[in-house]
Amino acid sequence: MIEIRGDKKVLITPISEEDLADIKIGDIVWLDGELMTCRDVAHRRLVEYGRELPYDIKDKAIFHAGPIVRKIEGTEDDYEMVSVGPTTSMRMEKFEKEFIEETGVRVIVGKGGMGEKTMEGCREGKAIHCVFPAGCAVVAATCVEEIEDAQWRDLGMPETLWVCRIKEFGPLIVSIDTHGRNLFEENKVVFNQRKDEAVEEINRHVSFIK
């Protein structure tokens with residue numbers, strides 16, 4: 001569902017196709033509910049090795065991130081988030097379309113843009129990719145209210161599937177929407193046009209140089 005809180009548009013898991021229908025690239029959203037960290041090895045296990053995820057992320061969200069967590073003193077198996085910065089999403093590009101198809105995930109969060117396969121996956125699976133600001137790993141950790149579960153711990157801390165309960169996690173910039181539009185790719189076109197125009201203008205002013 002979607003909730004408007006002041007000037008914030010907050011997506012709350014579970015998230016439906018209808019919730020994302022009017023969200024466009026460049027929009028800024030926040031996220032409440034369940035968010036699972038999920039990086040390279042987990043994607044590979046699912047897509048290449050055919051291993052089912054041990055946690056259901058249908059209509060939920062994943063974060064391309066390798067967090068730092070610590071055990072809560074005095075507890076048997078409880079952890080708290082220390083730092084959770086985004087990993088470069090393009091590392092997951094070759095897996096993401098199939099990942100979306102097989103899991104039904106609705107929101108993918110990471111750093112930087114993604115390519116054509118993810119665009120197809122988002123369009124067909126009615127999912128979105130969002131960018132979390134880089135360099136804000138400690139700020140992101142403050143949005144994690146609780147680590148509810150941890151799966152595939154054999155992969156080590158960065159690759160473990162940390163299932164988090166989050167509150168107003170963001171701001172998230174929508175980079176790929178459910179229509180398959182890609183903010184990074186469309187901006188490349190605009191920026192290249194501006195670059196060509198700028199080069200042409202500069203050349204007019206320095207044409208006397210031989």
Side-chain angles (χ1 to χ4, degrees), residues 11 13 15 25 28-31 33-49 51 53-55 57 60-70 79-122 125 127-144 147-166 168-177 182-185 187-188:
L11 299 173
T13 64
I15 299 165
I25 56 172
I28 297 176
V29 298
W30 278 258
L31 189 63
E34 295 178 48
L35 174 72
M36 185 181 78
T37 62
C38 188
R39 297 207 314 174
D40 312 52
V41 179
H43 280 71
R44 183 173 289 111
R45 276 189 172 182
L46 176 76
V47 176
E48 291 189 351
Y49 304 150
R51 292 186 59 177
L53 286 181
Y55 186 79
I57 57 171
K60 298 175 186 174
I62 63 168
F63 191 17
H64 295 156
I68 298 172
V69 305
R70 66 182 166 210
Y79 294 84
E80 62 183 350
M81 192 66 70
V82 176
S83 174
V84 59
T87 295
T88 301
S89 285
M90 191 58 78
R91 285 167 45 179
M92 273 56 74
E93 169 64 17
K94 67 178 180 179
F95 305 118
E96 210 68 79
K97 181 176 185 290
E98 289 80 5
F99 188 94
I100 294 169
E101 289 173 353
E102 295 190 34
T103 65
V105 66
R106 287 289 179 197
V107 179
I108 301 157
V109 182
K111 180 173 68 176
M114 299 193 77
E116 287 190 13
K117 291 192 71 176
T118 304
M119 291 163 61
E120 291 176 12
C122 286
I128 61 173
H129 176 266
C130 300
V131 176
F132 187 91
C136 299
V138 175
V139 174
T142 66
C143 301
V144 177
I147 295 177
E148 297 183 330
D149 196 6
Q151 297 289 338
W152 285 353
R153 298 193 195 190
D154 59 298
L155 299 179
M157 185 186 296
E159 297 284 354
T160 292
L161 304 177
W162 299 99
V163 180
C164 305
R165 172 68 54 179
I166 54 170
E168 293 191 2
F169 182 82
L172 308 176
I173 304 168
V174 178
S175 63
I176 300 176
D177 59 27
N182 187 319
L183 180 65
F184 283 83
E185 293 303 315
N187 279 346
K188 281 181 187 178

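What you see is a predicted model; the values in this text were computed from it and never measured.
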Set of side chain to side chain donor-acceptor pair (under 3.5 Å) partners for Lys60, sequence neighbours left out
Glu34
Find out whether Glu96 and Ile176 are in side-chain contact, i.e. whether some heavy atom of one side chain is under 4.5 Å from a heavy atom of the other.
no
Pair Glu116 + Lys97, salt bridge at N-O below 4.0 Å:
no
Which heavy atom of Val138 sits nearest to which heavy atom of Ser83, and what is that distance?
N-OG, 4.2 Å
Crowding at CZ, Arg70 (>12 non-hydrogen neighbours, <6.0 Å)
no
Distance in Å, Leu161 CG paired with Cys38 SG, rounded so as to fall on 0.5 Å steps
5.5 Å
Would you say that Phe99 contacts Ile62 through its side chain, given a criterion of any heavy-atom pair below 4.5 Å between the two side chains?
yes
By side chain to side chain contact (heavy atoms under 4.5 Å, CB included), Lys111 pairs with (sequence neighbours left out) Pro86, Thr88, Ala134
Exercise: do Thr118 and His129 side chains pair donor with acceptor under 3.5 Å
no
Do Met114 and Met119 make a side-chain contact, defined as non-hydrogen atoms from C-beta onward lying under 4.5 Å apart?
no
State, with a plain yes or no, whether a side-chain heavy atom of Trp162 is found less than 4.5 Å away from one of Phe63.
no
May I have all residue pairs that pass salt bridge (charged side-chain N to carboxylate O under 4.0 Å, His left out) and include part of residues 39-48, sequence neighbours excluded?
Arg39-Glu159, Asp40-Arg91, Arg44-Glu48, Arg45-Asp154
Side-chain heavy atoms of Met92 within contact of Ile108, under 4.5 Å:
no
Would Phe184 and Val131 count as a side-chain contact (heavy atoms from CB on, under 4.5 Å) if you check the C-alpha gap in whole Å, the side-chain angles of each, and the deciding distance to 0.1 Å?
CA-CA 11 Å; Phe184 283 83; Val131 176; 3.7 Å; yes
Ignoring hydrogens, what is the shortest heavy-atom contact between Ile147 and Tyr79? Give both atom names and the distance.
CB-O, 3.7 Å
Could you pull out the closest heavy-atom pair between Gly125 and Arg106, with the gap in Å?
O-NH1, 3.1 Å
Less than 4.5 Å apart, any side-chain heavy atom of Lys117 and any of Glu98?
yes
Using a 4.5 Å cut-off on heavy atoms from C-beta on, say whether the side chain of Leu11 contacts that of Leu172.
no
Smallest separation among heavy atoms of Val84 and Ala140, with atom names:
O-CB, 3.5 Å
To the nearest 0.5 Å, what is the distance between CD1 on Ile128 and CD1 on Ile25?
12.0 Å
Heavy-atom side-chain contact between Leu31 and Ile15 under 4.5 Å:
yes
